[in-house]
Amino acid sequence: MPELPEVESTVRALRPRIRGQRLLAVRALDPVLAHVPRAMALPAAVQDVERRGKYILFRLDTVFLIVHLRMSGRLLWREEGAYPPHTRLVLEFPHGEVLFVDVRRLGTAEVAREFREELGPDALSDLSFLPQALRRSRAPIKVWLLDQRNLAGIGNIYAAEILFRAGIDPRRPAHSLTPAEVARLRAVIPAVLEEALAALGTTLADAAYQTPEGEAGDYAPWVYGREGLPCKVCGTPIVRVELGGRGTYFCPRCQK
DNA sequence: TCATCCCTGTGG
DNA sequence: CCACAGGGATGA
């Protein structure tokens, strides 16, 4: 799921439910997460729920519980009922539970006194540094966008969507972008992410991302996952190539 | 900067 | 059965 729009949607749904509430207990249903409850002094009040890039931070009295959903993780809010398959961690509150569900078990949960990850500026923050930063990189622009040390929050889907909307070929070296292209990119990054956020993110057929309330995201990609299908703008078949080891989709006519 | 690996499920 | 999947750490 989980790029900025999905993670932010998750945080926004959870925050009003648990901010200020007492976390009573944490149960690890997956042995590899057994360290989590052991590292926490409970009960503890949740001061806030925050997003840093694609990380979710539960700010407790003295520590952070830091969750990364990776490929298949999601956080669900439950007031009653059985746990879904692949539930790994349960956070118990007086009025309900947060479930960390993760089919592929690549997601992580850590307890730490502070958040120490090398993340670049958030993709929804001020992007005025973009021209200077891009000038210094020979990486393909799509690979640059995916590197969380450059910009935090963009993943494979939205990198493709952003470059489509900016009309830029994902293979172009970052430093080769013209000032006009950089300006387009700067405008399109928040536009695409906000649009996806308004739709509660993207839910693809095979990966059941959902918000904590169980809703699917409605964002419909223009190019991601559409190899061979006609471009929604010009009808040219969407092309898939591999960049930085991951599938990369673009329209060879709209993106130069 | 790139390949490899983590893990499991699904679709071709 | 194999390829592939939205992420990221690691080691060469």
Side-chain angles (χ1 to χ4, degrees), chain A residues 1-10 28-33 35 51-57 66-75 84-89 100-110 112 115-120 122-123 136-164 170-175 192-193 195-197 199-211 216-229 238-250:
Chain A
M1 47 165 327
E3 304 183 33
L4 187 153
E6 293 79 21
V7 175
E8 180 66 22
S9 293
T10 297
L29 306 188
D30 183 333
V32 305
L33 295 179
H35 64 279
R51 180 183 62 79
R52 298 272 192 287
K54 302 176 203 172
Y55 289 84
I56 297 167
L57 277 60
I66 303 166
V67 172
H68 197 299
L69 302 171
R70 295 287 184 101
M71 305 282 260
S72 61
R74 40 200 171 121
L75 295 179
H86 314 298
T87 298
R88 311 293 177 192
L89 200 64
F100 179 23
V101 179
D102 185 14
V103 173
R104 290 174 63 186
R105 302 175 71 206
L106 295 169
T108 60
E110 302 292 339
F115 179 70
R116 287 289 319 146
E117 291 293 334
E118 292 181 20
L119 296 181
D122 194 82
R136 287 187 280 108
S137 173
R138 295 190 316 274
I141 182 60
K142 194 257 191 168
V143 172
W144 190 92
L145 288 172
L146 281 179
D147 190 333
Q148 303 299 297
R149 294 167 302 184
N150 295 326
L151 207 52
I154 296 173
N156 208 28
I157 293 179
Y158 296 111
E161 297 299 297
I162 286 165
L163 289 170
F164 173 76
R171 301 166 293 187
R172 295 262 307 279
H175 67 75
V192 168
L193 295 177
E195 196 176 304
L197 195 45
L200 299 181
T202 303
T203 296
L204 298 181
D206 65 331
Y209 161 70
Q210 48 189 64
T211 68
D218 284 333
Y219 185 86
W222 294 78
V223 290
Y224 180 81
R226 302 191 65 247
E227 181 182 18
L229 297 175
I238 299 300
V239 170
R240 179 187 189 276
V241 296
E242 193 133 318
L243 276 183
R246 21 207 1 138
T248 301
Y249 301 85
F250 68 102

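Bear in mind the structure is a predicted one, so any value in this text is a computation, not a measurement.
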Can you tell me how far [atom2] of [N] sits from [atom1] of [X], to the nearest Å?
| X | N | atom1 | atom2 | value |
| --- | --- | --- | --- | --- |
| A/His86 | B/dT8 | NE2 | C1' | 8 Å |
| A/Glu110 | C/dG7 | CD | C1' | 15 Å |
| A/Leu106 | B/dG9 | CG | C1' | 12 Å |
| A/Asp102 | B/dC7 | CG | C1' | 9 Å |
| A/Met71 | C/dA5 | CE | P | 8 Å |
| A/Arg246 | C/dA3 | CZ | C1' | 15 Å |
| A/Asp147 | C/dG8 | CG | P | 10 Å |
| A/Leu151 | C/dG8 | CG | P | 12 Å |

Name the stems that DNA chain C belongs to, where each is three or more consecutive Watson-Crick or G-U pairs with both distances under 3.5 Å?
B:1-6 with C:7-12, B:8-12 with C:1-5

Every protein N/O within reach of nucleotides 10-12 of chain C N/O, cut-off under 3.5 Å:
none

Is the backbone N or O of A/Glu3 less than 3.5 Å from a side-chain atom of A/Glu6, with the two atoms forming a donor-acceptor pair by type?
yes

Side-chain (A/Gln148) to main-chain (A/Gly53) donor-acceptor, under 3.5 angstrom:
no

OP1 or OP2 of [N] versus the side-chain N and O atoms of [X]: is any pair under 4.0 Å?
| X | N | result |
| --- | --- | --- |
| A/Arg104 | B/dG9 | no |
| A/His68 | C/dG7 | no |
| A/Gln148 | C/dG7 | no |
| A/Arg240 | C/dA5 | yes |

What do you reckon, are the aromatic ring centroids of A/Tyr224 and A/Tyr219 less than 6.0 Å apart?
no

Nearest heavy-atom neighbours spanning A/Val7 and A/Tyr55:
CG1-O, 4.2 Å

Closest heavy-atom contact between A/Ile66 and A/Ala112?
CD1-CB, 4.1 Å

So, applying side-chain contact (heavy atoms from CB on, under 4.5 Å) with A/Phe100, which one of A/Thr87, A/Thr108, A/Leu33 is it?
A/Leu33

Taking atom CD of A/Glu242 as the centre, does the number of heavy atoms from other residues, nucleotides or ligands within less than 6.0 Å exceed 12?
yes

Quick one: which of A/Arg246, A/Glu161, A/Lys142 gives a side chain to side chain donor-acceptor pair (under 3.5 Å) with A/Asn156?
A/Lys142

B/dT8, B/dC6, B/dT1: which one has an atom nearest the side-chain heavy atoms of A/Arg105?
B/dT8

Is A/Tyr55 touching bases, backbone alone, or none of the nucleic acid, heavy atoms closer than 4.0 Å?
sugar-phosphate

For A/Glu242, report the nucleic acid contact type (base, sugar-phosphate, nothing); a contact means any heavy atom under 4.0 Å.
nothing

Are A/Leu243 and A/Arg171 close enough that some pair of their side-chain heavy atoms sits under 4.5 Å apart?
yes

Salt bridge (Lys or Arg N to Asp or Glu O under 4.0 Å) partners of residues 101-110 of chain A, not counting sequence neighbours, each pair once:
A/Asp30-A/Arg105

Nearest-Å distance once atom P is located in both B/dG9 and C/dG8:
22 Å

